[in-house]
Amino acid sequence: MPIWKIHGDGKNVQPGDVVAPNERLNWGRTISLGGQHVVSMFGATFVFPIIMGLNPQLAILMSGFCTIFFLLMVKGRIPSYLGTSAVFVGGVAAIRAQGGTSAEVTGAILVAGLVLALFGVAIHFMGGGVIVKVLPPVVTGAVVMLIGFNLAPVVASVYWPQDQWVALAVMFALIVMSVALRGFMGRIAILLALLFGYALSWILDLTMGAITSYDSNAGEITTHMRVDWSGVESASWFGLPPFTDEAAGVVGIHAPSFSLAFILLVLPGVIALIAENAGHVKAVAEMTKDDLDPLMGRALAADGIATAMSSSVGGSPTTTYAENIGVMAATRVYSTAAYTAAGIVAMMLGLSPKFGAVISATPGGVLGGITVVLYGMIGLLGAKIWRENGVDFGNPLNMMPV
C-alpha cells in the first residue's frame, strides 16, 4: 500500500484536476468518500447473499476485509471495492434446487475462487492479451447473458409470488430512479428502491394487515405480515454474524463442504468474473490515464483469493463493483485511501448483528421487484460485451458457439 500524499490543499479538487490513487484529501473528506463508496455498493452487496441463501451481515463484513486485501495485492494502484458477485447466483439456485446445503454452496464457490486465482497467476506471467485469445468476447458475452436470463425462474417462482403488487411497484420505482436520477443518487437507485419497498410494505401492513401468499421461509402459502422484525428486536448491537444452524434455519459462519457435481455448476461463473475484472481494470486505467495491464493478473488473482477467503468462512463471492467506478467518475477522486476507509466502514457495519437482522428482514416482494431488474441487467451485460467488442454475427465462427 502506498503512503498517500496530500492532494493540493487536501480539501478541494480543482476543475480539470483529479486525485490519483497514491494521493488523498484530508482524512475527514477521505472517510466521507469512503462512506459514499459503501452506500454505492450496499444495495447489490447485501441483496445477492439473501438471494443465494447466505448471511448478508457476513457478506458486508467480508466485503470490507476483501477490499483491503485486494488493495494490498495490487500495490494500491487499482482503486476498487469488492462487493458480492452476482455471477454465481444461477449456479447457486441450481444447487439449492437439488437440495444442496449452504456449506456445499460455499464449497463450490471456494473452488471457483481458487480457479480464478490460478487464471490470474497465469495471466500475470503470460500477459493480459491472453484473455482475449482464450476467452473471446463472443464467448464471455454469451456466458454472462445465460447467467442473467437463466435466473428468471428464480424471480417467478420464489420472490414475485410473495407480494406481486409490492414487487411491481418496486420494479417500477427502480426503473424510474435509474433513468431519472442523476449523479450519485442514480448510482444508489437499488438502495433507494429497496428503502421505498421496505417502507411501502410496512405501510401496507399497518393499513391492510397481513397478506396471504407464498412464504419462502415456510415453503408454502401462509397468512403473514410483510415485515417481520422479531429477529431484529432480539439481535445484539455488536458481535460477529451468527454461526450456521441448518436445523434452526439460521445461516451464517460455517466451514465449506465439497461436491464435484455442485462445483461444476458454478465454474462457468469464472469466465464472467474474468471478463468483469478485466473490464474494471481497463475502465480504471482509462480514467486514471495509467497503464494497468501489468497488474491485470494480480487483480484477477486477488479477486479469486478474496472469493476463496470469504467463502471459507461462509461468506459470499466477491467481484469489483461498477457502482464504485461511477462514484470515482463523479468525484474525480481515485484515491485508494478512500477505498481503504470504505473497507473499514463496511467491516464495522458487518460487526452489528442488529444491522444484519434488519437486512435479513427485507420483504420477499421487495426482493422480487429488485431482482427482476438486476437479473435482466446481468443478461443484457452479455449483449453489451458483444456490442462494445464489435462481434460480427454474420460470421459462422461467432454464431455457432452462441
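Quick caveat: nothing in here was measured; it's all calculated off a predicted structure.
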Legend entry - From CD (Glu104) to CG (Leu265), nearest 0.5 Å: 11.0 Å
Legend entry - Donor on one side chain, acceptor on other, Thr106 and His254, under 3.5 Å: yes
Inset, instruction - Run the numbers on Met347 and Leu351 for side-chain contact (heavy atoms from CB on, under 4.5 Å), then give the verdict. - result: CA-CA 6 Å; Met347 290 174 69; Leu351 290 172; 5.5 Å; no
Legend entry - Side chains of Phe196 and Leu192 in contact at under 4.5 Å (non-hydrogen atoms): no
Legend entry - Non-hydrogen side-chain atoms of Val166 and Pro363 separated by less than 4.5 Å: no
Inset, instruction - Rounded to the nearest 0.5 Å, what's the gap from OG on Ser85 to CG on Leu116? Could you check? - result: 9.5 Å
Inset, instruction - Looking only at non-hydrogen atoms, find the nearest pair between Asn398 and Asp392 and report the distance. - result: ND2-O, 2.8 Å
Inset, instruction - Determine whether the side chains of Arg96 and Ser102 contain a donor N or O and an acceptor N or O closer than 3.5 Å. - result: yes
Inset, instruction - Report yes if the side chains of Ser310 and Phe65 come closer than 4.5 Å at any heavy-atom pair, otherwise no. - result: no
Legend entry - Under 3.5 Å: donor-acceptor pair, side chain of Arg298, backbone of Met73: yes
Legend entry - Pair Ser80-Thr320, side-chain donor/acceptor within less than 3.5 Å: no
Inset, instruction - For Trp165, check side-chain contact (heavy atoms from CB on, under 4.5 Å) against everything at least two apart and list the hits. - result: Asp163, Leu168
Inset, instruction - Please report the closest heavy-atom contact between Tyr339 and Pro79, naming both atoms and the distance. - result: CE1-CB, 3.4 Å
Inset, instruction - Might you point out which heavy atoms bring Pro21 and Gly76 nearest each other, and give the distance in Å? - result: CB-O, 3.9 Å
Inset, instruction - Please name all residues satisfying ring-ring contact (aromatic ring centres under 6.0 Å, His included) with Trp160, sequence neighbours left out, ordered by chain then number. - result: none
Inset, instruction - Can you measure from CD1 (Ile78) to OH (Tyr334) and round to the nearest 0.5 angstrom? - result: 15.0 Å
Legend entry - Atom of Leu54, atom of Gly315 and distance for their closest heavy-atom approach: CD1-O, 3.9 Å
Legend entry - Over 12 non-hydrogen atoms of neighbours within 6.0 angstrom of CZ in Phe119: no
Legend entry - Donor-acceptor pair, side chain of Ser352 and main chain of Phe238, under 3.5 angstrom: no
Inset, instruction - Look only at the side chain of Thr307 and the backbone of Thr318, and say whether a donor-acceptor pair between them is shorter than 3.5 Å. - result: yes
Legend entry - Thr319: side-chain hydrogen bond (donor to acceptor under 3.5 Å, both in side chains) partners, not counting sequence neighbours: Glu276
Inset, instruction - State, yes or no, whether a side-chain contact exists between Ile203 and Met208 at a heavy-atom distance under 4.5 Å. - result: no
Legend entry - Spatial distance of atom CG (Asn395) from atom CE (Met400) [nearest 0.5 Å]: 12.0 Å
Inset, instruction - Output yes when a side-chain donor or acceptor of Ser311 lies under 3.5 Å from a complementary backbone atom of Gly314, and no otherwise. - result: no
Inset, instruction - Taking side-chain hydrogen bond (donor to acceptor under 3.5 Å, both in side chains) as the test, write out the residues that go with Asp205, two or more places apart. - result: Arg226
Legend entry - All pairs passing ring-ring contact (aromatic ring centres under 6.0 Å, His included) where residues 95-118 contributes a residue, at least two apart: none
Inset, instruction - Kindly indicate whether the side chain of Leu267, heavy atoms from C-beta on, has any atom under 4.5 Å from the side chain of Val270. - result: yes
Inset, instruction - Report the distance from atom OH of Tyr198 to atom CG of Leu194, rounding to the nearest 0.5 Å. - result: 8.0 Å
Inset, instruction - Could you list all the ring-ring contact (aromatic ring centres under 6.0 Å, His included) pairs where at least one residue sits in residues 379-402, not counting sequence neighbours? - result: Trp386-Phe393
Legend entry - His124 side chain near Pro294 side chain, heavy-atom distance below 4.5 Å: no
Inset, instruction - Give a yes or no on this: more than 12 heavy atoms of other residues, nucleotides or ligands lie within 6.0 Å of atom CZ of Phe69. - result: yes
Inset, instruction - Scan Leu72, Leu71, Val345 and name whichever one has a side-chain contact (heavy atoms from CB on, under 4.5 Å) with Thr340. - result: Leu71
Legend entry - Neighbour count above 12 (heavy atom, 6.0 Å) for Met348 CE: no
Inset, instruction - Kindly compute the distance separating CD1 (Ile305) from CG (Leu118), expressed to the nearest 0.5 Å. - result: 9.0 Å
Inset, instruction - Kindly check if the number of other-residue, nucleotide or ligand heavy atoms within 6.0 Å of CZ (Phe172) is above 12? - result: no
Inset, instruction - May I ask you to decide if Gly350's main-chain N or O and Gln57's side chain share a donor-acceptor pair within less than 3.5 Å? - result: yes
Inset, instruction - Would you confirm whether Thr67, through its side chain, and Leu82, through its main-chain N or O, come within 3.5 Å as a donor-acceptor pair? - result: yes
Inset, instruction - Taking all heavy atoms of Phe88 and all of Val266, pick out the closest pair and write down the distance. - result: CE2-O, 3.3 Å
Legend entry - Within-4.5 Å side-chain heavy-atom neighbours: Ser63 and Thr84: no
Inset, instruction - Taking all non-hydrogen atoms of both residues into account, name the closest pair between Ile95 and Val105 and its distance. - result: CG2-CG2, 3.8 Å
